[in-house]
Amino acid sequence: MLSVDFVRNNLETVKNALGSRNSTVSLEPFENLDKERRQAITERDNLKAKCNRLSEEIGALMKAKQREEAAPKQQEVVLAKARIKELEQLIEETETKLSTILLTIPNLPHQSVPLGADEHANKEIRRWGKPREFDFEIKDHIDIGNKLGILDQERATKITGARFSILRGLGARLERALINFMLDIQTKEHGYQEVLPPFIVNSATLQGTGQLPKFAEDLFKLEKSDYWLIPTAEVPLTNIYRDEILEGDILPINLTAYTPCFRSEAGSYGKDVRGLIRQHQFDKVELVKISHPDQSYQDLETLTQNAEVILQRLELPYRVVLLSTGDMGFSASKTYDLEVWLPSQNTYREISSCSNCDAFQARRAQIRFRRSPGAKPEPVHTLNGSGLAVGRTWLAILENYQNADGSVTVPQALRPYLDGLEKIQL
RNA sequence: GGAAAGGUGGCUGAGUGGUUUAAAGCAACGGUCUUGAAAACCGUCGUAGGUUUACGCCUACCGUGAGUUCGAAUCUCACCCUUUCCGCCA
């Protein structure tokens with residue numbers, strides 16, 4: 001969320017930014033609503049001040065047993081209160097409209113973000129590793145997984161429905177190994193604190209990180225409650241400090257968590273229907289930084305590198321892409337995607353998305369800090385990134401490490417997590 | 001699910017209709033004193049909104065929301081949360 005002040009004083013900038021982000025939010029009503037609201041507040045506060053004064057006088061008269069003299073003053077208060085009631089209704093209406101506008105304005109892009117309508121304007125920053133050349137006909141991860149008996153999507157459909165899967169035997173084991181491997185690197189080498197948050201959150205939490213009110217459709221909601229399944233650990237992790245004022249010297253706060261993630265994938269029908277790429281439930285190890293505003297863009301570089309290390313250790317070729325204004329998520333001011341090489345698709349596919357949300361989420365979630373003790377509280381900057389999407393890592397390993405005989409070699413770095421296993425085979 | 005108690009500032013904790021402008025203490029910050037520190041003393045010490053060139057002034061906030069009243073932390077209703085006990089349960 002942008003601050004009212006900022007929008008009021010930078011109307012043109014915000015309008016331009018909206019355009020660059022393909023947003024359809026209209027700022028036309030903003031100016032009038034803003035003015036109307038402030039006038040009403042001023043009038044109401046003046047009336048209230050008057051009532052307070054009168055009430056005090058009435059109190060004094062009552063004490064002095066001068067009831068008759070209090071009566072006209074009481075009348076006056078009653079009258080003022082009727083007007084106050086009208087004004088409060090008006091204030092509430094305008095504030096609702098204003099906050100609807102403010103809550104649906106996406107974040108402003110950072111100046112370093114390329115302008116563009118969609119992913120074609122994204123900018124490749126760097127590549128790591130060389131895609132392997134195969135001297136046999138390669139299979140995709142679905143075929144490999146099915147043949148090895150470690151992936152069972154048909155039966156998952158019976159148990160739940162489309163876009164769910166069952167991992168079995170070494171498949172399940174590989175998933176668990178990856179989770180531990182990722183968490184170990186982030187906690188032991190990069191200094192993140194491991195967190196195990198709730199997988200179910202309330203709507204205030206989702207509004208804090210920007211999923212609500214605009215993207216309810218992408219989420220799973222539990223019936224007869226205000227509870228929702230998390231679409232990413234970013235949501236509970238970032239909200240840990242909601243409604244708090246932190247001391248500046250504890251920043252940055254680095255958090256990591258493994259959680260399953262639940263997404264309705266509304267509007268993606270027909271997209272990536274095969275395999276594990278796009279599931280309603282998937283595992284992810286998430287990285288979150290609560291940063292000092294002066295440091296946050298440097299912290300984004302660090303966070304991105306922290307995620308990259310996982311791919312490097314697993315020796316999976318990838319590239320880093322800087323998203324353009326039109327391709328970024330709602331809350332982000334700057335985003336790097338990590339894309340892993342998928343032989344079956346002969347292309348790079350997203351496996352991590354690392355974003356700086358600047359003060360956008362912090363303002364919504366009221367996460368603030370003091371530059372020095374006693375200083376005025378300011379919003380922190382919040383960052384998040386996948387480190388990494390476990391399901392996509394799982395399938396990337398199957399595809400990149402497949403052998404002609406249908407077996408899959410276990411990446412060196414992962415073997416300690418699988419009792420030294422070198423190969424997944426029949 | 002049943003019963004009971006409770007929710008007040010960063011923390012502890014008073015306050016049951018009218019100088020509460022939320023006491024007091026602790027913590028924090030600034031100062032005096034000191035070679036330095038501690039102690040002592042003095043002062044400052046919440047958040048948000050509105051208004052003002054500015055000093056400042058005004059308004060709201062005692063779990064949340066509604067209500068009673070000229071006036072609510074205090075009374076009424078609903079809800080949320082916490083703790084304890086019982087029941088059920090991994």
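The structure presented is a predicted model; accordingly, all values stated were derived computationally and were not measured. In what follows, chains are A, B, ... by sequence order, proteins preceding strands, each numbered from 1.
- A close approach under 4.0 Å does not occur between any side-chain nitrogen or oxygen of A:Arg368 and OP1 or OP2 of B:G46.
- Ring centers of A:Phe262 and A:His280: at least 6.0 Å apart, outside the cut-off.
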Name the atoms and distances for all side-chain donor-acceptor pairs under 3.5 Å in residues 171-180 of chain A, with sequence neighbours left out.
from     : atom 1 : to       : atom 2 : distance (Å)
A:Arg173 : NH2    : A:Asp419 : OD2    : 3.2

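- B:G9 and B:G63 have their P atoms separated by 8 Å, given to the nearest Å.
- On the P atoms, B:A24 is 15 Å away from B:C41, given to the nearest whole Å.
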Enumerate all atom pairs, one protein N or O and one N or O from nucleotides 56-59 of chain B, separated by less than 3.5 Å.
from  : atom 1 : to      : atom 2 : distance (Å)
B:U59 : OP1    : A:Asn52 : ND2    : 3.0
B:U59 : O2'    : A:Asp45 : OD1    : 3.1

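- Contact annotation for A:Arg363: no contact, since no heavy-atom pair falls under 4.0 Å across all strands.
- Regarding A:Asp249, its CG atom lies at a distance of 11 Å from the P atom of B:C29, rounded to whole Å.
- A heavy atom closer than 4.0 Å to some atom of RNA chain B occurs in no member of residues 93-102 of chain A.
- Considering only residues two or more places apart in sequence or on other chains, A:Arg313 meets the side-chain hydrogen bond (donor to acceptor under 3.5 Å, both in side chains) condition with A:Glu189.
- Rounded to whole Å, the distance from CD1 on A:Ile245 to P on B:G9 is 13 Å.
- A salt bridge between A:Arg278 and A:Glu265 is present, with a side-chain N of the basic residue lying under 4.0 Å from a carboxylate O of the acidic one.
- Proximity of a side-chain donor or acceptor of A:Thr335 to a complementary backbone N or O of A:Ser355 within less than 3.5 Å is not detected.
- Remark: the separation of the C1' atoms in B:A27 and B:C79 is 35 Å, to the nearest Å.
- A gap of 27 Å separates the C1' atoms of B:G46 and B:U83, to the nearest Å.
- B:A72 sits 14 Å from B:G17 when the P atoms are compared, rounded to a whole Å.
- When only modelled atom types and interatomic distance are considered, A:Ser331 and A:Asn107 share no side-chain donor-acceptor pair under 3.5 Å.
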For nucleotides 66-70 of chain B, tabulate all protein N/O to nucleotide N/O atom pairs closer than 3.5 Å, reporting atom names and distance.
from  : atom 1 : to      : atom 2 : distance (Å)
B:C70 : O2'    : A:Ser55 : OG     : 3.1

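- Residues meeting the side chain to side chain contact (heavy atoms under 4.5 Å, CB included) test with A:Leu108, sequence neighbours left out: A:Leu2, A:Phe6, A:Ala17.
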Dot-bracket summary - RNA chain B, pairs being Watson-Crick or G-U whose distances fall under 3.5 Å, with | when paired to another strand: ((((((((.[[[..)..(.....]]].(((((.......))))).((((((....)))))).[[[[[..)....]]]]])))))))....
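- Screening residues 353-374 of chain A for ring-ring contact (aromatic ring centres under 6.0 Å, His included) gives A:His292-A:Phe369, A:Phe330-A:Phe360 as the qualifying pairs, with residues at least two apart or on separate chains.
- Counting only residues at least two apart or in different chains, side chain to side chain donor-acceptor pair (under 3.5 Å) contacts with residues 3-21 of chain A comprise A:Asp5-A:Arg8, A:Arg8-A:Asp34.
- Contacts of A:Gln281 classified as side-chain hydrogen bond (donor to acceptor under 3.5 Å, both in side chains), with partners at least two apart in sequence or in another chain: none.
- The separation between A:Arg370 atom CZ and B:G10 atom P is 8 Å, rounded to whole Å.
- Residues A:Val390 and A:Leu388 form no side-chain contact, since every pair of their non-hydrogen atoms from C-beta on lies 4.5 Å or further apart.
- A search for side-chain hydrogen bond (donor to acceptor under 3.5 Å, both in side chains) contacts involving A:Tyr258 returns A:Asp283, not counting sequence neighbours.
- The neighbour count for A:Gln425 CD, taken as heavy atoms of other residues, nucleotides or ligands under 6.0 Å away, is above 12.
- Listed by first and then second residue, the ring-ring contact (aromatic ring centres under 6.0 Å, His included) pairs that reach into residues 173-193 of chain A are A:Phe181-A:Tyr417, sequence neighbours excluded.
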